[in-house]
Amino acid sequence: MPGWADLVGDVLEVAPRLLGAVVRHGDVAVRLTEVEAYDGPGDPGSHAFNGQTRRNATMFGPPGRLYVYFTYGMHHCCNVVVGAEGTPSAVLLRAGEVVDGIDAARERRKGSDRDLARGPARLCEALGIDLRHDGVDLRTGPVTLTPAARAETRVATGPRVGLRGAPDRPWRFWIEDDRFVSTYRPAVARPSR
DNA sequence: GTTGCGATGCGCT
DNA sequence: GCGCATCGCAACA
């Protein structure tokens with residue numbers, strides 16, 4: 001039975017284990033269908049690449065916390081910190097399916113139910129997550145993460161987009177054939193497991 | 001389904 | 001100043 005111990009460590013191993021986990025804030029709960037890995041201080045795509053700043057301090061803290069940032073002047077995105085304290089590895093929560101509190105989610109977001117949390121900024125909006133939640137401990141709330149009961153078996157992987165000089169490794173993980181996966185930046189699916 | 005573009009504020013050089 | 005781990009909408013296929 002997977003638990004929190006499985007969600008700390010090497011980000012490329014931990015990230016796929018977050019698929020199927022449930023994030024809850026108040027009445028709304030989202031089952032994760034798509035995530036993306038950010039691998040420590042040597043990852044040129046990471047906010048932590050240029051060292052610790054006020055904004056990214058949570059990434060350098062202990063694992064099991066939520067790292068929330070504000071971007072494009074209007075959107076929030078959230079990550080789960082998975083690296084040991086001092087190692088800024090985190091997993092961006094890119095998409096999910098609202099599995100509880102759908103009425104509350106609909107009040108926050110217009111559009112189809114399928115799109116309520118399909119996209120990192122949409123997911124945050126559906127859950128009502130903003131900068132006030134940066135650094136919260138996901139074991140104690142108010143935002144909580146419940147590990148998946150069993151590992152997802154149909155996991156697909158693909159490259160991140162728009163990065164230079166990044167190692168050739170899979171960075172994005174999603175549940176294959178799940179309707180609640182972002183198609184905004186399509187990637188070539190490749191069976192994993 | 002896809003592509004193109006504007007919105008909009010903050011962190012960092 | 002520039003660029004951003006994005007989104008919604010319009011136009012098109």
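These numbers were taken from a predicted model, which means no experiment stands behind them. Just so it is clear: chains get the letters A, B, ... in the order the sequence lines come, proteins before strands, and each one is counted from 1.
Where stacking is scored as ring centres under 5.5 Å apart with planes under 30°, Y72(A) registers as stacked on the base of dC4(C). Both geometric conditions, a ring-centre gap below 5.5 Å and a plane tilt below 30°, are not fulfilled together for F70(A) over the base of dG9(B).
Between H47(A) and dA5(C) there is a side-chain N or O to OP1 or OP2 distance below 4.0 Å. Dashed line: the shortest gap from a side-chain N or O of T71(A) to OP1 or OP2 of dC10(B) is not under 4.0 Å. In this structure, K110(A) does not reach the dC7(C) phosphate: none of its side-chain N or O atoms is under 4.0 Å from OP1 or OP2.
Atom pair M59(A):CE and dG11(B):P shows a separation of 16 Å (rounding to whole Å applied). Atom P of nucleotide dG8(C) and atom CG of L116(A) are separated by 10 Å, given to the nearest angstrom. Rounded to an integer number of Å, the gap from CE of M74(A) to C1' of dA7(B) is 4 Å. Rounded to a whole Å, the OH atom of Y38(A) is 11 Å from the C1' atom of dC4(C). Note: CZ (R118(A)) to C1' (dG8(C)) measures 13 Å, nearest angstrom. Regarding N50(A), its CG atom lies at a distance of 13 Å from the C1' atom of dG3(C), rounded to whole Å. The separation between D115(A) atom CG and dG1(B) atom P is 9 Å, rounded to whole Å. Distance CG (D134(A)) to P (dC10(B)): 15 Å, rounded to an integer number of Å.
Out of dC7(C), dC10(B), dG8(C), the shortest distance to the side chain of R109(A) is found at dG8(C). Nearest nucleotide to the side chain of A121(A), out of dC7(C), dC4(C), dT13(B): dC7(C).
Residue D27(A) qualifies as open at atom CG: its count of foreign heavy atoms under 6.0 Å is 12 or below.
Among the heavy atoms of the strands lying under 4.0 Å from R122(A) are primed sugar atoms or P, OP1, OP2 only; no base atom is included.
Ionic pairing of R154(A) and E176(A) is not present here: no N-O contact between side-chain nitrogen and carboxylate oxygen is shorter than 4.0 angstrom.
When every heavy atom of A121(A) is checked against every heavy atom of C77(A), the shortest pair comes out as N-SG, 4.3 Å.
Judged by Watson-Crick or G-U wobble contacts below 3.5 Å, the nucleotide dT8(B) has no partner. The nucleotide dA5(C) finds no pairing partner, because no Watson-Crick or G-U wobble arrangement with both distances shorter than 3.5 Å includes it.
At a threshold of 4.5 Å between non-hydrogen side-chain atoms, the residues D100(A) and R24(A) count as touching.
Between F70(A) and H76(A), the ring-plane angle classifies as tilted under the 30° and 60° cut-offs.
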